[in-house]
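Accompanying notes for the structure given below.
The shown structure was predicted, so the numbers you read here are calculated from the model rather than taken from an experiment.
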Amino acid sequence: MAEWQRTHTCGELREGHVGRAVTLTGWVLITRNYGKQVFVDLRDRYGLTQVVFEADDAGLFQAANDLGREWVLSVQGTVRKRLPGAERPGIPTGQVEVEAKRLTVLNQCPPLPFSVTEFPDEEPAGEDLRLQYRYLDLRRRSLQGVLTLRHRMNKTIRDFLDARGFLELETPLLGKSTPEGARDYLVPSRVFPGEFFALPQSPQLYKQLLMISGYDKYFQIARCLRDEDLRADRQPEFTQLDVELSFVERDDVLGLMEGLAVEVFRTCLGVELPVPFPRMTYAEVMAKYGSDKPDLRFGLEIVDITDLAAESEFTVFKDAVAAGGVVRAINATGAAPKYSNTALKPGGELPKIAETYKAKGLAWMKAEGDKLTGSIEKFFPEPLKAKLKERLGVKPGDLLLFVADKPDVAADALGGLRTHLGAALKLYRNWWDEKAAHDAAEEEAAKKEKRAPAPFKHRPDHFRFLWVVDFPMFAWDDEEKRWAAIHHPFTAPMDEDLPHLESDPGKTRAKAYDLVLNGYEVGGGSIRIHRNDVQSSVFKLLGMEAEEAKKRFGFLLDALQSGAPPHGGIALGLDRWCMLLAGTTNIRDVIAFPKNQKARDLMTGAPAAVDARQLRDVGIRPA
RNA sequence: GGGGACGUAGCUCAAUUGGUUAGAGUACCGGACUGUCGAUCCGGUGGUUGCGGGUUCGAGUCCCGUCGUCCUCGCCA
């Protein structure tokens, strides 16, 4: 062992080590120069230890004076108890310090573009800067915590599935482009100029083939790639827990995943989730919440008032109903004083949100005392108003918002409003806000009482899981004038809907399910088609003739005829899981080296131009 | 492809209706200091207000364009 190598980590030393000669290595978090001592907080990913340089060794003291932030050191010294009153109960190593006897500077560091040290009241540097110097960003304690959490999550998943007989199997990255679904990332073939591999949007086909091969319990923590526009919770490459089982029905998959979720939340956050998770059909959630991934941490449910609207004198409502549309409403309880009539006028805050989702407008009433007010109130005769108040449970101070439109538009618009109002009216609190408040209060109290701060405790109601089941098989794609698979084209229709699969595709429901947590889709799967004839008719419905289906998926159709067991599975979006476990709303916060919103890597600069020669090799002419 | 927000010192931000020499904290540099722990105190360096154009006696501020970042609708089976 080289002389400078560590005997302990920076998070390890306790009172029991007092008197021991130790060597620590780490980064200088901060130095405090006090004339006769230099205090150096030495940090690694295990923790922080105070190193003291005394002035009596002039050479050593001078060297300590010259240290800067983020220098990399090896310090040999003796562990000693801190002076009485100078203990730090807040940190694990806070009872001791290391008296330095010898210092080796392993590397110096110039002033950095932003601070690696984190303080509670300090805004972190801008995200683009942090992504550009991601290796520094990742040195921050909070990100080290997140990546540690992510490791723990992955480890828990592997252990859980391994204990239940699952095999972790790998599938190719270089595959074949499939027509359905997201845009593929393409990789040109050098050997076959003009031909391309596609990077996988998911291991879907391979895992089905593995079922056919008899690997009846499979999983993989797999990277998936989709070349689509990004969001706060979407990256072009992301990680799924991909799971597939043979000889199972829907509830087997759901139950397995509930057990896994309980285990992950227990291990990672110490919270005990109640199971089973609630289940709602797609039709139910769309009607009630206007979203297929509703946040169940608050109510604010959508209510259908089409029948009442039809009886009213309001032309807009009556016309919408006559055209086959619906009128739906939400009662924003107590929100009347918070939204001025101006904010409710066309172009105002709330109507603008409704318009985002293609709604033609937003009607409203306020409950002032026992009376309903607003410009459309006069179109509702008293008995109708009474019915309206009863159905919406109106109390004084309530704000009623109405959308009259085609059912899907009304659902989208009110769903969007519901989400907005849930946040704006503070109908729920994110647990990390509660944690921040708790930590601040606890830190102060702990300092006063000279004790370690009590950790924040998660509650089960911080995490509202929901299964959404019974999705439709197909949605009409207006642009392409054809039916499109809502889940994917390998999803099995529900047995009772098989008879009208071809006659009424829009009414066919799928054996598909999504897992939703706090308004995020965190998983989705289905029971797959295991019969060649059903698979062929689904392809046909999606506008793929037999010839074409054979060309594109011939291997799958053949495989389905070669002894395919009934099978199904699910994929969990692990980045989103980690995001929700870590208490952030930004998926980039839980990925070591993420891309920015335009899918550029700000650190390496990728994507980038390549040499003409590289292009020639793969048979591509520069544009 | 559409909508919105933002861009000022290395970093985080401020700068009244368009008005003097663009400020503060922090970092950095120099100095003082016997136990600090985000030490403290004193002093100092640091700016093409993203870029280009326009309006104006005068632009960080208003207008147009452009680049960048984020949020969002479409998109993401």
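Rounded to an integer number of Å, the gap from CG of D184(A) to C1' of C76(B) is 12 Å. C6(B) atom C1' lies 14 Å from atom CD of E127(A), rounded to whole Å. Atom NZ in K598(A) sits roughly 11 Å away from atom C1' in C70(B) (whole-Å rounding). Between E97(A) atom CD and U34(B) atom P there is a gap of 18 Å when expressed in whole angstrom units. For the pair I353(A) CD1 and G2(B) P, the computed distance is 22 Å after rounding to whole Å. When rounded to the nearest whole Å, the span between CG of N65(A) and P of C29(B) equals 12 Å. When the C1' atom of U69(B) is taken as reference, atom CG of L129(A) falls 11 Å away, rounded to whole Å. Atom CG in L112(A) sits roughly 12 Å away from atom P in C11(B) (whole-Å rounding).
Not a single donor-acceptor contact under 3.5 angstrom links the side-chain atoms of D128(A) to the base of C70(B). On a pure distance criterion of 3.5 Å, no polar donor-acceptor pair joins the side chain of R600(A) and the base of G68(B). With hydrogens and angles ignored, no donor-acceptor pair under 3.5 angstrom links the side chain of E123(A) to the base of U26(B). Between the side chain of E122(A) and the base of U26(B), no donor-acceptor pair under 3.5 Å is found.
For the P atoms, the distance linking A14(B) with A9(B) amounts to 12 Å, nearest Å. Spacing of C1' atoms, G50(B) relative to U61(B), comes out at 16 Å, to the nearest Å. Going from the C1' atom of U20(B) to that of A15(B) covers 14 Å, rounded to whole Å. Comparing the P positions of C63(B) and G1(B) gives an interatomic distance of 25 Å, to the nearest angstrom. Nucleotides G10(B) and U45(B) are separated by 15 Å at their P atoms, to the nearest Å.
Under the side-chain contact (heavy atoms from CB on, under 4.5 Å) test applied with I30(A), the options E70(A), R69(A), R43(A) reduce to a single match, R69(A). V98(A) pairs in a side-chain contact (heavy atoms from CB on, under 4.5 Å) with only one of the listed residues (V40(A), L42(A), L13(A)), which is L13(A).
Contact annotation: R130(A) does not reach the phosphate of C11(B) (side-chain N/O to OP1 or OP2, under 4.0 Å). R88(A) has a side-chain polar atom (N or O) that falls below the 4.0 Å cut-off from OP1 or OP2 of G38(B). Proximity of R69(A) to the phosphate of A27(B): a side-chain N or O atom is located under 4.0 Å from OP1 or OP2. For C71(B), the OP1/OP2 oxygens have a side-chain nitrogen or oxygen of R588(A) closer than 4.0 Å. Within the 4.0 Å cut-off from OP1 or OP2 of U36(B), not a single side-chain nitrogen or oxygen of R32(A) is found.
Summarising the base pairing, C62(B) is matched to G54(B) through a Watson-Crick or G-U wobble pair whose two defining distances lie under 3.5 Å. Across all strands shown, G25(B) pairs with C11(B); the Watson-Crick or G-U wobble distances both stay below 3.5 Å. Across all strands shown, G4(B) is found opposite C70(B) as a Watson-Crick or G-U wobble partner, with both distances under 3.5 Å. Taking a pair to require two hydrogen-bonding distances under 3.5 Å in either a Watson-Crick or a G-U wobble arrangement, G38(B) remains unpaired. Look at G46(B): it lacks any Watson-Crick or wobble partner with both distances under 3.5 angstrom.
The side chain of R234(A) approaches G74(B) more closely than any other nucleotide in the set G74(B), U12(B), C71(B). For Y357(A), the listed nucleotide lying nearest its side chain is C73(B); candidates were C37(B), C73(B), G38(B). When the nucleotides C28(B), G74(B), C76(B) are ranked by their closest atom to the side chain of D229(A), G74(B) comes out on top. Considering only side-chain atoms of A86(A), the nucleotide from G74(B), C33(B), C37(B) that sits closest is C37(B). When the nucleotides U12(B), U36(B), U72(B) are ranked by their closest atom to the side chain of A125(A), U12(B) comes out on top.
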For this session: Test side chain to side chain donor-acceptor pair (under 3.5 Å) on Q235(A) and D575(A) and set out the steps.
Result: CA-CA 9 Å; Q235(A) 277 278 296; D575(A) 311 275; over 6 Å; no
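For the residue pair D470(A) / T281(A), no side-chain donor-acceptor distance below 3.5 Å is found, with atom types taken as modelled.
Base engagement by E54(A) is indicated by at least one non-hydrogen atom pair under 4.0 Å involving a base atom. At the heavy-atom level, P489(A) lies under 4.0 Å from base atoms of the strands shown. N596(A) comes within 4.0 angstrom of sugar-phosphate atoms only, judged by non-hydrogen atoms across all strands, and of no base. Using a 4.0 Å heavy-atom criterion, one finds that G126(A) contacts the sugar-phosphate atoms exclusively. Among the atoms of the strands shown, base atoms are found under 4.0 Å from some heavy atom of S202(A). F490(A) comes within 4.0 angstrom of nothing in the nucleic acid, heavy atoms only.
Heavy atoms of other residues, nucleotides or ligands lying less than 6.0 angstrom from CZ of R45(A) number 12 at most. Counting heavy-atom neighbours within 6.0 Å of E228(A) CD, excluding the residue itself, gives a total above 12.
Aromatic stacking is not marked for F114(A) over C11(B), as the cut-offs of 5.5 Å for the centres and 30° for the planes do not both hold.
The closest side-chain heavy-atom distance from R130(A) to L136(A) is not below 4.5 Å.
Summary of the strand contacts: A182(A) and T356(A) both lie near RNA chain B, and taking for each the nucleotide with the nearest heavy atom, the more 5' one is attributed to T356(A). Projected onto RNA chain B by closest heavy-atom contact, Q50(A) and L602(A) fall at different nucleotides, the more 5' of which corresponds to Q50(A).
Of all non-hydrogen atoms in A559(A) and L209(A), the two that sit nearest each other are CB-CD2, 3.6 Å.
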